[in-house]
> 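Questions regarding the structure given below will be posed in turn.
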Amino acid sequence: QVQLEESGGGLVQTGGSLRLSCAASGRTFDTYSMGWFRQAPGKEREFVAAVDWSGGTTNYADSVKGRFTIFRDNAKNTVYLQMNSLKPEDTAVYYCATQGFRYGSIWASTSFGYWGQGTQVTVSS
């Protein structure tokens with residue numbers, strides 16, 4: 001059973017930066033793709049970014065392209081989300097996610113079915 005634990009959320013002003021971390025345990029980390037999703041109040045959870053098992057291929061939602069970067073350190077069993085140029089509309093609970101099978105595609109956001117508990121990101125205007 002995989003366990004995912006996010007950290008790094010907080011309150012930041014518009015234009016600021018935050019780095020989220022997600023530590024994974026319970027499985028062979030470097031054979032599973034990882035993703036970040038977010039859920040704002042009153043809205044459905046949405047895809048933010050994903051990275052394949054090697055870290056060599058990434059996928060981003062249009063709303064965060066050019067501002068957010070997803071990357072992973074397989075030696076530390078950790079995936080990160082570097083968020084720059086933050087906007088108030090980025091305010092949400094951010095969730096780390098992974099898939100139930102190895103070497104999964106990062107282009108099918110619905111394939112992510114294992115979630116962390118989430119970390120709050122609030123961007124003030």
Side-chain angles (χ1 to χ4, degrees):
Q1 183 82 14
V2 63
Q3 281 123 28
L4 305 172
E5 184 171 359
E6 302 96 335
S7 61
L11 174 65
V12 64
Q13 291 185 332
T14 296
S17 297
L18 280 176
R19 177 177 291 185
L20 306 183
S21 300
C22 172
S25 61
R27 57 157 64 160
T28 307
F29 182 73
D30 62 359
T31 60
Y32 291 87
S33 297
M34 300 294 296
W36 287 96
F37 291 72
R38 67 187 181 187
Q39 187 167 20
K43 296 186 177 181
E44 294 186 354
R45 185 156 49 190
E46 65 175 1
F47 169 78
V48 174
V51 59
D52 74 353
W53 58 92
S54 71
T57 304
T58 56
N59 181 26
Y60 295 94
D62 288 343
S63 59
V64 306
K65 278 181 183 176
R67 301 188 298 121
F68 291 11
T69 302
I70 186 171
F71 60 101
R72 63 193 295 162
D73 185 340
N74 285 344
K76 295 183 178 179
N77 286 6
T78 301
V79 62
Y80 303 92
L81 185 68
Q82 178 66 42
M83 305 186 295
N84 298 330
S85 302
L86 283 161
K87 305 174 182 180
E89 51 264 44
D90 294 318
T91 295
V93 177
Y94 282 71
Y95 297 91
C96 175
T98 189
Q99 299 167 328
F101 45 89
R102 294 178 174 182
Y103 308 116
S105 170
I106 62 170
W107 307 101
S109 60
T110 56
S111 64
F112 289 85
Y114 293 86
W115 307 92
Q117 82 287 351
T119 186
Q120 177 71 47
V121 171
T122 303
V123 184
S124 63
S125 57

> Less than 4.0 Å between a side-chain N and a carboxylate O, is that true for Asp62 and Lys65?
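Yes, Lys65 and Asp62 are salt-bridged.
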
> In the single-linkage hydrophobic clustering (I, L, V, M, F, W, Y; side-chain heavy atoms under 4.5 Å), do Val79 and Tyr95 co-cluster?
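No, no single cluster joins them.
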
> List the residues meeting side-chain contact (heavy atoms from CB on, under 4.5 Å) with Asn84, not counting sequence neighbours, and say none if there are none.
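By the side-chain contact (heavy atoms from CB on, under 4.5 Å) rule, Asn84 matches Ser17, Gln82.
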
> Distance-only check: which donor-acceptor pairs under 3.5 Å involve side-chain atoms of residues 41-49, not counting sequence neighbours?
| from | atom 1 | to | atom 2 | distance (Å) |
| --- | --- | --- | --- | --- |
| Glu46 | OE2 | Arg38 | NE | 2.6 |
| Glu46 | OE2 | Arg38 | NH2 | 3.2 |

> Using modelled atom types only, decide if a donor and an acceptor are shared between the side chain of Thr91 and the backbone of Val123 within a distance under 3.5 Å.
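Checking the backbone N and O of Val123 against the side chain of Thr91, a donor-acceptor pair under 3.5 Å is found.
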
> When you group the ILVMFWY residues by side-chain heavy-atom contacts below 4.5 Å and let the links chain together, are Val121 and Trp36 in the same group?
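Same cluster.
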
> Check whether any side-chain heavy atom of Val12 sits under 4.5 Å from a side-chain heavy atom of Met83, and report yes or no.
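No, their side chains stay 4.5 Å or more apart.
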
> Can you give me the closest heavy-atom contact between Tyr114 and Gly100, atom names plus distance?
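Reported closest heavy-atom pair: CE1-CA, 3.4 Å.
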
> Is the shortest side-chain heavy-atom distance between Trp115 and Cys96 below 4.5 Å?
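Side-chain contact under 4.5 Å: no.
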
> If two hydrophobic side chains count as joined below 4.5 Å and joins carry through other members, does Leu81 share a cluster with Val51?
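Yes, one cluster joins them.
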
> What closest approach, in Å, do Ala40 and Ala92 show between heavy atoms, and which atom pair accounts for it?
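Scanning both residues completely, I find the closest heavy atoms to be N-CB, 3.8 Å.
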
> Restricting to side-chain hydrogen bond (donor to acceptor under 3.5 Å, both in side chains), what partner residues turn up for Gln120, sequence neighbours left out?
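Gln120 satisfies side-chain hydrogen bond (donor to acceptor under 3.5 Å, both in side chains) with Thr122 once adjacent residues are dropped.
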
> Could I get the full list of side-chain contact (heavy atoms from CB on, under 4.5 Å) partners for Ser7, not counting sequence neighbours?
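In terms of side-chain contact (heavy atoms from CB on, under 4.5 Å), with neighbours along the sequence ignored, Ser7 is linked to Ser21.
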
> Quick check for you: to the nearest 0.5 Å, what is the distance between Ile70 atom CD1 and Thr57 atom OG1?
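One finds 12.0 Å between CD1 of Ile70 and OG1 of Thr57.
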
> Is it the case that one hydrophobic cluster holds both Tyr60 and Tyr94, taking links as side-chain heavy atoms less than 4.5 Å apart, direct or via other members?
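Yes, Tyr60 and Tyr94 fall within the same hydrophobic cluster.
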
> Give a yes or no on whether the backbone of Gly35 and the side-chain of Gln99 come within a donor-acceptor separation of less than 3.5 Å.
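Judged by distance alone, no pair lies under 3.5 Å.
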
> So, do Val2 and Tyr32 sit near enough that their side-chain heavy atoms are less than 4.5 Å apart?
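Sidechains of Tyr32 and Val2: no contact.
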
> Nearest 0.5 Å, what's the OG1-CD distance between Thr119 and Glu5?
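That separation rounds to 10.0 Å.
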
> Holding to side-chain contact (heavy atoms from CB on, under 4.5 Å), I want the full list of residues that pass it with Ser54, two or more places apart in sequence or in another chain.
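Testing Ser54 for side-chain contact (heavy atoms from CB on, under 4.5 Å), a comparison that skips the adjacent residues, returns Asp52.
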
> Supply the atom-to-atom distance Ser33 OG to Phe112 CZ, rounded to the nearest 0.5 angstrom.
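CZ of Phe112 is found 5.5 Å from OG of Ser33.
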
> When rounded to the nearest 0.5 angstrom, what is the spacing between CZ in Arg67 and OG in Ser85?
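Reported to 0.5 Å precision, the distance equals 7.0 Å.
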
> If you take all heavy atoms of Asp73 and Phe29, which pair is closest and at what distance?
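Here Asp73 and Phe29 meet closest at O-CE2, 4.1 Å.
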
> Taking side chain as C-beta onward, heavy atoms only, is Leu86 less than 4.5 Å from Phe68?
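Sidechains of Phe68 and Leu86: in contact.
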
> Can you name the closest pair of heavy atoms from Glu6 and Gly118 and give their distance?
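Scanning both residues, the minimum pair turns out to be OE1-N, 3.0 Å.
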
> Compare all side-chain heavy atoms of Asp30 with those of Trp53 and state whether any distance is below 4.5 angstrom.
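No. Closest side-chain heavy atoms not under 4.5 Å.
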
> Just verifying a value: how many Å separate Thr69 OG1 and Arg19 CZ, rounded to the nearest 0.5 Å?
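With rounding to 0.5 Å, OG1 (Thr69) is 9.0 Å from CZ (Arg19).
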
> Could you give the distance from OG (Ser111) to CZ (Phe101), rounded to the nearest 0.5 Å?
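These two atoms lie 4.5 Å from each other.
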
> Counting distance only, does the side-chain N/O of Thr14 pair as donor-acceptor with the main-chain N or O of Lys87 below 3.5 Å?
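No; judged by distance alone, with no hydrogens or angles, the pair does not exist.
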
> Taking ring-ring contact (aromatic ring centres under 6.0 Å, His included) as the definition, give me every residue that meets it alongside Tyr80, ordered by chain and number, with sequence neighbours left out.
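Only Phe71 meet the ring-ring contact (aromatic ring centres under 6.0 Å, His included) criterion with Tyr80.
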
